[in-house]
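The next block holds one structure in the form of structure tokens; read it before the comments.
Letters A, B, ... mirror the listed sequences (proteins, then strands); counts begin at 1.
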Amino acid sequence: MRETAVATVADTNTGLESWLENFTEFTKTAVGQKLPWLKRLREDAFERFCEVGFPTTRDEDWRFTNVSAIARTSFRAAGAAELTAEEVAPYGAAGAAADLVFVNGRFARELSRVDGLPKGVTVASLRERIESHPAEVETHLGRYADTQRDPFVALNTAFIGDGAYVHMARGVVVDAPIYLLYLSTKEDTATMTHPRNLIVAEDESQVAVIEDYASVGGECIAFSNAVTELIAGESTVAQHYLIEREHLKAFNVSTLRIQQGRSANVASHSLLLGGGLVRNNVHPVLAGDGGECLINGLFLGTGRQHLDNYMHVEHAAPHCGSRQFYNGILDGHSHGVFHGRIVVHKIAQKTDAKQTNRNLLLSDDAQIDTKPQLEIYADDVKCTHGATIGQIEENALFYLQSRGISEVEARKLLLMAFAEECVERMQSNVARAHAQRLIGEHLLFTEGIAPQSGNLGRIVERVVEEVG
Amino acid sequence: MSLLEIKNLHVTVGGNEILKGIDLTVNAGEVHSIMGPNGSGKSTLAQVLARRDAYHVTEGSILFEGKDLLEMKPEEAACEGLFLAFQYPVEIPGIGNTYFLRSALNAQRKYRGEEEMDAMDFLPMFKEKLKLLEMDDKLMNRSLNEGFSGGEKKRNEILQMAVLEPKLAILDETDSGLDIDALRIVAEGVNSLRSPGRAMVVVTHYQRLLNYIVPDFVHVLVDGRIVRSGGKELALELEERGYSWTEHEPVGARA
């Protein structure tokens with residue numbers, strides 16, 4: 001098994017030397033490298049990555065997604081870049097409790113706002129927190145994200161440097177979400193960042209976090225490989241939002257690992273709009289009795305985008321419920337993937353797990369692979385799954401047009417309605433408004449809205465009209 | 001100038017000729033009824049008028065207020081003042097009834113160079129029309145036709161017509177599937193919209209609706225042709241004798 005994996009590395013990777021060089025360079029200046037636990041965490045993870053290398057489509061978890069474009073590229077750590085508040089302003093979400101901006105993976109204090117939070121809420125950059133409170137970070141960091149199973153998680157863990165640290169003391173509630181913005185700037189060489197976020201919600205606390213990935217400036221080869229560990233204590237209410245809207249040359253892999261305690265109520269919402277090759281891993285483990293998890297997502301692909309959603313829901317305690325709802329809209333030559341894996345452990349009796357994936361294909365060349373995968377080891381459970389693939393309904397389109405609504409507008413209304421099913425599930429008003437704005441802007445440029453493909457000129461005209 | 005002038009209209013659907021030379025003139029203020037057995041082409045005519053593109057016009061012309069209707073897209077025909085009440089109104093989840101109707105009205109107003117209506121102006125007018133159709137305003141907070149009963153859907157069509165105030169309304173089997181109370185409500189809604197400036201084409205299989213919406217002219221459509229035209233009494237005759245005689249007896253034989 002191991003030999004095969006190593007052979008794979010040799011086949012598809014530019015060679016481990018490049019990664020070894022990167023790692024050696026990184027550890028020279030990495031934060032907390034003098035902390036034995038952190039040093040070992042990084043080294044073990046890097047070793048594991050070297051052992052297995054990047055996955056191939058022969059790996060069942062990666063059957064529909066070919067990452068050889070990432071494996072072939074020689075990446076360098078993204079350099080520091082300065083952005084002004086004016087440059088960053090258009091990206092934000094209005095109404096957040098705190099805004100943290102990361103530029104090329106580094107926390108930009110001057111662009112961020114973390115004051116005025118209630119007592120018991122700690123929001124900081126992970127780098128700073130490792131320096132100031134290493135023991136606190138050590139308690140949770142790397143405890144849950146699985147470096148053994150996923151080489152991208154291993155790679156991220158090897159390069160843990162910066163990201164967000166959010167800690168909610170017991171019983172503390174923050175209504176508005178904490179907004180994290182990750183911007184990558186245009187560089188001449190292929191660059192990479194490995195954002196690492198740690199969100200710890202102690203018992204009975206309530207928190208919402210938005211992770212938003214975007215590019216500034218023109219297209220360039222950029223690889224973002226993020227890992228977020230969300231630890232939700234007993235009776236917590238936690239929401240996590242992922243927004244990917246980078247340019248079309250970006251590689252974006254993100255992994256959300258949720259650890260839920262007893263009666264915790266957690267939601268993961270994803271919105272994939274941008275990125276060329278995107279892999280969105282969501283892995284909640286319902287580890288305490290009576291937990292509830294909502295996994296909600298929307299992905300909109302155009303051009304040659306590849307958007308892969310890999311869900312891995314683990315029921316590890318009795319009386320838990322999980323609900324997965326993913327909607328995809330695919331246009332052009334884009335390729336969407338929904339892989340919904342549900343594992344019900346032997347102890348997890350009375351599990352109620354549901355999975356729904358609905359897709360709209362707007363062109364003949366768009367493609368969706370949807371795959372449910374249920375592994376049930378308990379005998380008293382309820383698990384259901386369903387997937388649909390369809391087109392914009394001509395009847396509905398004609399009906400709207402027959403009332404005076406233009407074809408372009410009618411198509412947009414129908415796509416918005418389809419997207420709205422997911423947006424409606426977002427509990428936070430701030431996140432919902434942000435998502436609606438981004439989806440609205442995005443749909444203006446979706447080819448499939450045009451009456452005939454190749455009619456983009458008309459849409460662009462309309463954009464100008466609406467802005468003016 | 002007539003409101004609607006159809007000349008020698010031939011239409012094929014999927015290679016089959018459904019309409020085989022229709023001539024029909026409708027003037028403002030008139031109510032015409034088109035009756036005919038199933039498969040005679042009634043709904044095809046209604047859909048062609050609303051500009052559904054699955055229907056191919058192979059010959060003939062349609063003028064709407066002197067303009068070439070066949071050059072118009074569905075939304076343009078609507079904005080010019082043509083309205084089709086669907087035989088099978090479409091359910092569209094995720095689009096609210098009220099939002100949809102205001103969008104449609106504003107699209108039409110914008111087309112005509114009128115100012116768009118904001119929610120404050122729209123709602124009182126809308127409430128008035130709801131009352132006319134005896135519709136529960138709770139329905140309007142729901143998605144378009146979603147979960148509506150057959151009768152509610154048909155009433156919603158007439159409600160849309162009342163809000164959009166078209167010049168020419170085509171009612172495609174609006175009576176089918178309605179119980180007598182719903183039929184009465186729909187008919188009253190339609191009658192309240194009769195005006196000297198507005199014409200209606202009522203497509204129906206049964207004479208029943210015409211007891212409530214009394215037409216000025218009745219046309220019998222059989223196998224893609226209008227085989228007979230007359231006044232409202234023709235509808236009663238059809239009710240009594242069925243359609244088959246119209247195909248065999250020459251026009252005017254019973255006059």
Side-chain angles (χ1 to χ4, degrees), chain A residues 296 298 300 325-329 356 358-360 386 388 390-426 432 435-436 439-440 443-444 449-452 455 458-459 461-462 465-466 468, chain B residues 46-55 72-97 99-112 114 116 143-146 153 156-157 159-166 169-170 172:
Chain A
N296 174 44
L298 176 67
L300 308 182
F325 300 102
Y326 262 72
N327 279 15
I329 300 177
T356 309
R358 301 184 60 209
N359 303 288
L360 278 186
T388 62
Q391 280 94 35
I392 285 192
E393 249 212 84
E394 290 304 317
N395 271 338
L397 193 63
F398 177 63
Y399 190 68
L400 295 178
Q401 284 180 269
S402 79
R403 297 301 180 250
I405 295 171
S406 72
E407 182 173 356
V408 171
E409 201 55 38
R411 280 180 190 273
K412 197 177 141 191
L413 273 177
L414 291 171
L415 295 183
M416 275 307 267
F418 187 74
E420 193 63 26
E421 289 176 13
C422 292
V423 175
E424 270 174 6
R425 293 189 196 102
M426 299 178 174
R432 209 166 46 238
Q436 267 161 344
I439 294 166
L443 286 184
L444 285 176
I449 293 177
Q452 259 85 44
N455 215 347
R458 261 184 83 137
I459 292 195
E461 257 174 46
R462 275 181 183 271
E465 200 180 283
E466 279 169 28
Chain B
Q47 299 266 323
V48 168
L49 288 171
R51 303 301 307 120
R52 178 142 218 176
D53 63 3
Y55 298 84
M72 296 181 197
K73 293 182 182 186
E75 57 266 37
E76 286 164 346
C79 291
E80 289 287 344
L82 190 144
F83 180 92
L84 171 67
F86 280 57
Q87 182 179 6
Y88 304 110
V90 184
E91 294 192 21
I92 309 183
I95 298 181
N97 263 294
Y99 175 80
F100 157 70
L101 200 41
R102 190 157 71 87
S103 303
L105 179 64
N106 280 334
Q108 296 202 10
R109 291 174 73 100
K110 201 172 164 188
Y111 179 91
R112 296 193 290 258
E114 297 165 21
E116 293 187 26
S143 287
L144 189 48
N145 290 325
E146 197 186 27
K153 281 181 186 167
N156 200 21
E157 294 293 289
L159 172 74
Q160 291 173 19
M161 170 174 142
V163 169
L164 298 172
E165 300 186 316
I170 300 144
D172 190 6

| task | Could you tell me whether the side chain of B:Glu75 and the main chain of A:Ser402 form a donor-acceptor pair under 3.5 Å? | result | no
| Least distance between heavy atoms, B:Pro93 atom then A:Ala417 atom | O-CB, 3.5 Å
| task | Would you mind reporting whether A:Leu400 and B:Val90 have side-chain heavy atoms less than 4.5 Å apart? | result | no
| Judged by modelled atom types alone, do B:Asn145 and A:Tyr399 share a side-chain donor-acceptor pair under 3.5 Å? | yes
| request: Identify which part of B:Pro89 has an atom lying under 4.5 Å from any heavy atom of chain A, answering side chain, backbone, both or neither. | output: both
| field | All side chain to side chain donor-acceptor pair (under 3.5 Å) counterparts of B:Gln87, not counting sequence neighbours | value | B:Ser43
| field | B:Tyr55 OH: over 12 foreign heavy atoms closer than 6.0 Å | value | yes
| request: Answer with side chain, backbone, both or neither: which region of B:Ile92 has an atom nearer than 4.5 Å to a non-hydrogen atom of chain A? | output: side chain
| said: Only pairs of heavy atoms separated by less than 4.5 Å count here; which of A:Glu424, A:Arg403, A:Gln401, A:Glu421 has the most with chain B? | reply: A:Arg403
| task | Please determine, among B:Arg51, B:Glu76, B:Glu157, the option with the most heavy-atom pairs under 4.5 Å with chain A. | result | B:Glu157
| What part of B:Ala50 lies closer than 4.5 angstrom to a heavy atom of chain A: side chain, backbone, both or neither? | both
| query | By a 4.5 Å heavy-atom criterion (distance strictly below it), what part of B:Tyr111 contacts chain A: side chain, backbone, both, or neither? | reply | neither
| note | Taken in chain and number order and not counting sequence neighbours, the residues that satisfy ring pair (Phe, Tyr, Trp, His ring centres under 6.0 Å) with A:Phe398 are B:Phe86
| said: Minimum heavy-atom separation for A:Gly404 and B:Ala107, please, with both atom names. | reply: O-CB, 3.3 Å
| request: Give, as side chain, backbone, both or neither, the part of B:Leu144 having an atom under 4.5 angstrom from any heavy atom of chain A. | output: side chain
| task | Before accepting this row, confirm whether a basic side-chain N of the pair B:Arg52/A:Glu394 lies closer than 4.0 Å to the acidic partner's carboxylate O. | result | no
| query | Near B:Tyr88 OH, under 6.0 Å, is it more than 12 heavy atoms from other residues, nucleotides or ligands? | reply | no
| query | So how far is it from A:Ile405 CD1 to B:Ile95 CD1, rounded to the nearest 0.5 Å? | reply | 7.5 Å
